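Beneath this line is the structure, given in structure tokens, with notes to follow.
Quick caveat, the model's predicted, so the values are computed rather than measured. Just follow the structure's listing: the first ligand is 1, and inside any ligand the first atom is 1.
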Amino acid sequence: MTTRPDSQTQLDALRGEIERRNPAQPEFHQAVHEVLDTLAPVLAARPEYAEPGLVERLCEPERQVIFRVPWQDDKGRVHVNRGFRVEFNSALGPYKGGLRFHPSVNLGIVKFLGFEQIFKNALTGLGIGGGKGGSDFDPHGRSDAEVMRFCQSFMTELYRHIGEHTDVPAGDIGVGGREIGYLFGQYRRITNRWEAGVLTGKGPGWGGSAIRPEATGYGSVLFAEAMLRERGEDLEGQTAVVSGSGNVAIYTIEKLLALGANPLTCSDSGGYVVDDKGIDLDLLKQVKEVERGRISDYAERRGSSARYVSGGRVWEVPADVALPSATQNELDENDAATLVRNGVKAVSEGANMPTVPEAVHLFQRAGVAFGPGKAANAGGVAVSALEMAQNHARTAWSPARVEEELARIMGDIHTTCHETAERYGAPGDYVTGANIAGFERVADSMLAQGVI
Ligand code: NDP
Ligand code: 2IT
């Protein structure tokens with residue numbers, strides 16, 4: 001008779017095995033550890049989940065594509081970038097997840113993002129699997145024509161791996177409406193198909209959903225509000241620190257303002273702005289969305305209420321709520337200690353894995369409501385799934401209808417995470433709640449579909 005090792009021993013062994021077989025991918029290790037660290041109770045309670053092979057399969061992408069992306073700049077010089085698409089898990093639906101264009105992109109980064117996406121997408125309840133892709137291409141300082149040629153070259157390989165029923169990319173860092181337009185155009189040209197559902201985040205006139213640009217930021221603020229309501233508070237009158245100044249940060253700030261909160265900061269990789277009067281949304285959109293400028297331009301034009309802190313971190317600005325909305329590992333243990341010392345009540349992750357594990361534990365020990373990205377930033381991919389539904393039905397919903405759906409989905413995700421955490425003996429721990437609830441949905445489908 002064989003005896004099954006206890007759940008924690010099994011998870012620890014798997015952890016070691018994943019490090020060994022995926023060397024030099026620290027972000028992927030971090031994302032996997034953070035999930036495995038919370039699964040022991042559910043594996044112990046549901047022996048079918050502890051069957052050899054299930055968690056192992058979940059940690060191994062179904063398919064990984066790496067390709068060359070050659071393109072010419074405006075002076076005719078040839079550049080060679082690397083393209084990635086990691087199709088991680090399709091037990092719940094077509095692979096779904098964004099494309100990131102940033103010089104830091106490598107296979108480990110794409111795998112961490114794809115792994116997170118599996119659980120996040122499961123939490124939306126909308127029938128989407130997990131995937132992610134991108135390139136080490138840096139769009140900063142490139143002309144529209146250069147970005148177009150890059151996107152066309154990228155799609156000239158990617159098109160053979162994607163499709164409305166197979167894999168549906170969208171935006172992420174460095175990929176917004178402009179890039180999705182160029183990518184969609186090239187897909188249509190190569191395939192000779194009007195296949196609207198192959199990409200999400202499209203323009204409103206050609207198959208894009210209302211509220212998709214706003215969805216991630218709005219959703220992250222709704223999640224913060226739901227966590228505060230659990231404690232008998234809301235966002236009205238609360239001060240907020242927001243990092244980043246891209247898609248997620250801008251619409252986080254918009255929703256904070258709409259709910260009566262006071263967002264004091266935003267940032268980019270050069271530094272941050274603190275604005276004593278609260279961020280001026282119109283000026284921020286003008287500088288970042290229209291002019292594609294830097295956050296220092298905002299400070300120069302805003303007048304005396306704002307100052308630019310070169311190289312600084314927004315977390316040193318005292319506030320009631322923190323919404324990291326730039327990139328991974330942007331909030332460390334020292335930052336968390338500063339925020340706690342300054343009385344922060346809630347942290348909602350608009351970005352993917354922005355908080356290092358030690359900082360997460362510090363928040364939790366201090367009793368701060370902490371909403372992990374898998375739950376808090378799921379509004380973006382949720383509205384992407386609504387965009388796919390509209391494309392399939394050849395229809396377009398009103399902004400009011402999409403916003404109502406988004407609010408319902410974020411409310412459901414909050415409730416699911418909250419109740420799951422309680423069920424597994426970790427009340428108030430949204431990390432455990434999100435990981436276990438997402439895991440249960442994917443694991444049940446994988447078990448039903450056999451060893452594939
Ligand atoms: P954008 O490209 O629109 O904006 C990114 C912002 O983050 C910019 O202000 C950028 O500054 C800053 N940033 C990026 N990389 C770094 C870095 N290495 N160090 C410091 N600052 C950095 O991207 P999004 O707003 O779409 O994405 C932000 C985060 O949200 C990412 O973690 C993404 O994965 C996540 N996310 C996005 C969703 C979406 O729908 N777009 C959905 C869910 C999560 P700079 O210009 O100086 O580089
Ligand atoms: O991290 C994310 O969830 C995204 N970048 C959005 C993915 C999507 O398919 O809309």
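Shortest contact from atom 2 (C) of ligand 2 to any protein heavy atom: Lys120 NZ, 3.3 Å. From the protein, the heavy atom lying nearest to atom 7 (C) of ligand 2 is Gly98 N, 3.5 Å.
The distance from atom CG of Leu126 to atom CG of Asn121, rounded to the nearest 0.5 Å, is 9.0 Å.
Compare Lys132, Glu116, Met388, Glu387 by their heavy atoms: the one nearest to atom 1 (O) of ligand 2 is in Lys132. Selection from Lys96, Lys374, Arg212 by nearest heavy atom to atom 6 (C) of ligand 2 gives Arg212.
Those atoms of ligand 2 that come under 4.0 Å of a heavy atom in Gly171, given as number and element, are 4 (C), 5 (N), 6 (C). Interface of Gly97 with ligand 2, defined as ligand atoms under 4.0 Å from a residue heavy atom, comprises 7 (C), 9 (O). Of all the atoms in ligand 2, the ones that sit under 4.0 Å from a non-hydrogen atom of Ser384 are 8 (C), 9 (O), 10 (O). Residue contact check: Ala170 has heavy atoms under 4.0 Å from atoms 8 (C), 9 (O), 10 (O) of ligand 2.
A salt bridge links Asp74 with Arg149; the closest basic N to acidic carboxylate O contact falls under 4.0 Å. In summary, Arg212 and Glu387 do not engage in a salt bridge, as defined by a charged side-chain N under 4.0 Å from a carboxylate O. Using a 4.0 Å cut-off between a side-chain N of Lys or Arg and a carboxylate O of Asp or Glu, Arg57 and Glu60 do not qualify as a salt bridge.
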Between Gln390 and Thr395, is a side chain to side chain donor-acceptor pair (under 3.5 Å) present by the stated rule, with each step listed? CA-CA 5 Å; Gln390 293 169 72; Thr395 190; over 6 Å; no
Under the salt bridge (Lys or Arg N to Asp or Glu O under 4.0 Å) criterion, do Lys255 and Glu403 qualify, and how do the steps go? CA-CA 12 Å; Lys255 194 58 158 185; Glu403 213 175 329; 2.9 Å; yes
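Residue Arg160 qualifies as enclosed at atom CZ: its count of foreign heavy atoms under 6.0 Å is above 12.
Polar contact check, Pro169 against ligand 2: no nitrogen or oxygen pair lies under 3.5 Å apart. Considering backbone and side-chain N/O of Asn352, one or more are found under 3.5 Å from N/O of ligand 2.
Pocket lining of ligand 1, defined as residues with a non-hydrogen atom under 4.0 Å away: Arg100, His102, Lys120, His140, Asp172, Ile173, Gly174, Arg212, Thr216, Gly244, Ser245, Gly246, Asn247, Val248, Ser267, Asp268, Ser269, Arg294, Ser325, Ala326, Thr327, Gly350, Ala351, Asn352, Asn377.
Residues meeting the side chain to side chain contact (heavy atoms under 4.5 Å, CB included) test with Arg229, sequence neighbours left out: Glu225, Asp234. Remark: Thr338 engages Arg341, Asn342 in a side chain to side chain contact (heavy atoms under 4.5 Å, CB included) (not counting sequence neighbours).
Within the structure, ring-ring contact (aromatic ring centres under 6.0 Å, His included) contacts touching residues 164-189 (residues at least two apart or in different chains) are Phe184-Trp194, Phe184-Trp206.
Taking the side chain as every heavy atom from C-beta outward, Glu214 and Glu254 approach each other to under 4.5 Å.
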